[in-house]
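Hydrogens, waters and symmetry mates are skipped; everything else that's a heavy atom, side chains included, is used. All figures in this text were calculated on a predicted structure; none of them were measured in a lab.
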Amino acid sequence: MIESVVFDIGSTLVREDRYWGDWADWLGVPRHTMSALVGAVVAQGRDDKDAIRLVRPGVDVDAEWRAREAAGRGEWLDESDVYPDVRSALGGLRESGPRESGPRVVLAGNQSLRAGELLRELGLPVDDVATSSEWGVAKPDPEFFRRVLELGGAAPGDTLYVGDYPAFDIRPAKAAGLRAAHIRRGPWAYLWADTADAAMADWRIDSLSELVEIVAESAV
């Protein structure tokens, strides 16, 4: 029985086109160049922010981020950044499952404080939102998933974590005793779809709408 569904954010609920496009504009390189560099470092198993360091060697990414904020060109999210199936799937989940009001639905991913604020402003049909910056710990650290369980309010075996990046979402979630669904979208999902980490998922999906049926079946 699934009593809590916890979602990763980037590339699971929110497209990251704007995020990297804004970095490209700030650094003065074509957006395609920035996108290609992100793909290259991800394929090498490196931090995606290494793409920024390739464009500007020796850069202090955090300092550069603060400079963007000071210039009024910081992080932004609006409805256009949310995948089309998100609102309907989240709403459908709230109406399914063992509780009268459906399972508890929360968001928890490796995002900034500002991203958390922007996500809350979107008014998605969820019970709570948390980010790694708010918690002071990021995936794949086991402490992050301990916090996920606290936020979800259900036992590990009754908690489903949904994410796109097998090494950061699926493997650590399973290690913490949660059930996991791997969604195939975003570069990490496609690139690592055939890895052992991805194979650990209880479910492999292409759309969030598939989760509504999965959760409903768990209550039978």
Side-chain angles (χ1 to χ4, degrees), residues 1-16 77 81-99 102-111 115-116 119-120 122 124-132 135 138-142 144-193 195 197-219:
M1 182 177 293
I2 298 172
E3 298 182 355
S4 174
V5 185
V6 186
F7 289 88
D8 168 52
I9 298 166
S11 292
T12 296
L13 303 180
V14 174
R15 297 161 53 103
E16 297 193 300
L77 284 174
D81 299 301
V82 179
Y83 284 107
D85 60 355
V86 169
R87 283 194 180 273
S88 60
L90 295 178
L93 284 170
R94 297 287 295 276
E95 298 170 2
S96 66
R99 298 191 309 160
R104 182 169 166 80
V105 178
V106 298
L107 315 184
N110 283 357
Q111 267 73 36
L119 283 163
R120 294 182 183 98
L122 287 175
L124 295 171
V126 298
D127 294 294
D128 212 340
V129 177
T131 70
S132 56
W135 283 347
K139 294 180 293 183
D141 193 307
F144 181 94
F145 288 90
R146 189 188 69 77
R147 298 287 190 95
V148 162
L149 289 170
E150 287 183 352
L151 188 68
D158 297 327
T159 302
L160 171 60
Y161 192 80
V162 185
D164 66 296
Y165 195 161
F168 275 44
D169 295 325
I170 308 306
R171 177 169 48 83
K174 293 299 294 181
L178 286 69
R179 288 193 267 184
H182 179 229
I183 184 164
R184 271 177 32 97
R185 64 179 171 203
W188 294 267
Y190 289 115
L191 182 63
W192 305 115
T195 61
D197 289 337
M200 296 175 71
D202 298 276
W203 296 277
R204 307 186 72 173
I205 60 177
D206 295 306
S207 169
L208 293 178
S209 61
E210 297 173 55
L211 290 172
V212 178
E213 183 176 350
I214 288 169
V215 172
E217 290 179 348
S218 80

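No side-chain donor-acceptor contact under 3.5 Å links Arg184 to the backbone of Ala189. Side-chain atoms of Asp158 never come within 3.5 Å of backbone atoms of Glu3 as a donor-acceptor pair (strictly under, hydrogens ignored). Judged by distance alone, with hydrogens and angles left aside, the side-chain atoms of Arg146 form no donor-acceptor pair with the main-chain N or O of Pro142 at under 3.5 Å. Arg104 places a side-chain N or O within 3.5 Å of a backbone atom of Leu151 that can act as its donor or acceptor partner. Panel note: side chain Glu213, backbone Glu210; no donor-acceptor pair is recorded below 3.5 Å.
Atoms CG and CH2, from Asp169 and Trp192 in turn, are 14.0 Å apart once rounded to the nearest 0.5 Å. With rounding to the nearest 0.5 Å, the separation of OG in Ser218 from CH2 in Trp203 is 7.0 Å. Tyr165 contributes atom OH, which lies 10.5 Å from atom CG of Asn110 (distance to the nearest 0.5 angstrom).
Classification of Arg185 and Asp206 as a salt-bridged pair fails, no side-chain N sitting under 4.0 Å from a carboxylate O. Salt bridge status for Asp127 with Arg94: present, with a side-chain N to carboxylate O gap under 4.0 Å. Using a 4.0 Å cut-off between charged side-chain N and carboxylate O, Lys174 and Asp197 make no salt bridge.
Between Pro166 and His182, some side-chain heavy-atom pair lies under the 4.5 Å cut-off. Between Pro172 and Phe144, every side-chain heavy-atom pair lies at or beyond the 4.5 Å cut-off. Residues Leu211 and Val162 meet the side-chain proximity criterion, which asks for heavy atoms closer than 4.5 Å. A 4.5 Å side-chain heavy-atom check between Leu107 and Asp128 finds every atom pair outside the cut-off. The shortest distance between side-chain heavy atoms of Ile214 and Ile205 falls below 4.5 Å. For the pair Leu149 and Pro156, the minimum side-chain heavy-atom distance is below 4.5 Å. Using a 4.5 Å heavy-atom threshold, the side chains of Leu208 and Ile183 count as touching.
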| task | Assess whether side-chain hydrogen bond (donor to acceptor under 3.5 Å, both in side chains) is satisfied between Asp85 and Ser209, documenting all intermediate values. | result | CA-CA 7 Å; Asp85 60 355; Ser209 61; 5.5 Å; no
| said: As a quick check of understanding, evaluate side-chain contact (heavy atoms from CB on, under 4.5 Å) for Val215 and Val212, giving each step before the final call. | reply: CA-CA 5 Å; Val215 172; Val212 178; over 6 Å; no
| said: As a quick check of understanding, evaluate ring pair (Phe, Tyr, Trp, His ring centres under 6.0 Å) for Phe7 and Tyr161, giving each step before the final call. | reply: CA-CA 6 Å; Phe7 289 88; Tyr161 192 80; 8.4 Å; no
| Verdict with supporting geometry, Leu13 and Val82, side-chain contact (heavy atoms from CB on, under 4.5 Å) | CA-CA 6 Å; Leu13 303 180; Val82 179; 5.6 Å; no
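Ala180 and Ile170 make their closest contact through CB-CD1, 4.0 Å (heavy atoms, listed as atom of the first residue, atom of the second, distance). Annotation for Val129 and Gly116: closest pair CG1-O, 4.4 Å, computed over non-hydrogen atoms. Pairing each heavy atom of Pro125 with each of Leu90, the nearest pair is CG-CB, 3.6 Å. The minimum heavy-atom distance linking Arg204 with Ala199 is given by the pair NH1-CA, 4.2 Å. Heavy atoms only, all atoms of each residue included: Gly186 and Tyr83 are closest at N-OH, 4.4 Å. Across Pro140 and Ala167, no two heavy atoms sit closer than the pair CB-O, 4.0 Å.
Just one of Leu178, Thr159, Leu160 meets the side chain to side chain contact (heavy atoms under 4.5 Å, CB included) condition when paired with Ser4; it is Thr159.
A side-chain N or O of Asp164 and one of Thr12 form a donor-acceptor pair less than 3.5 Å apart.
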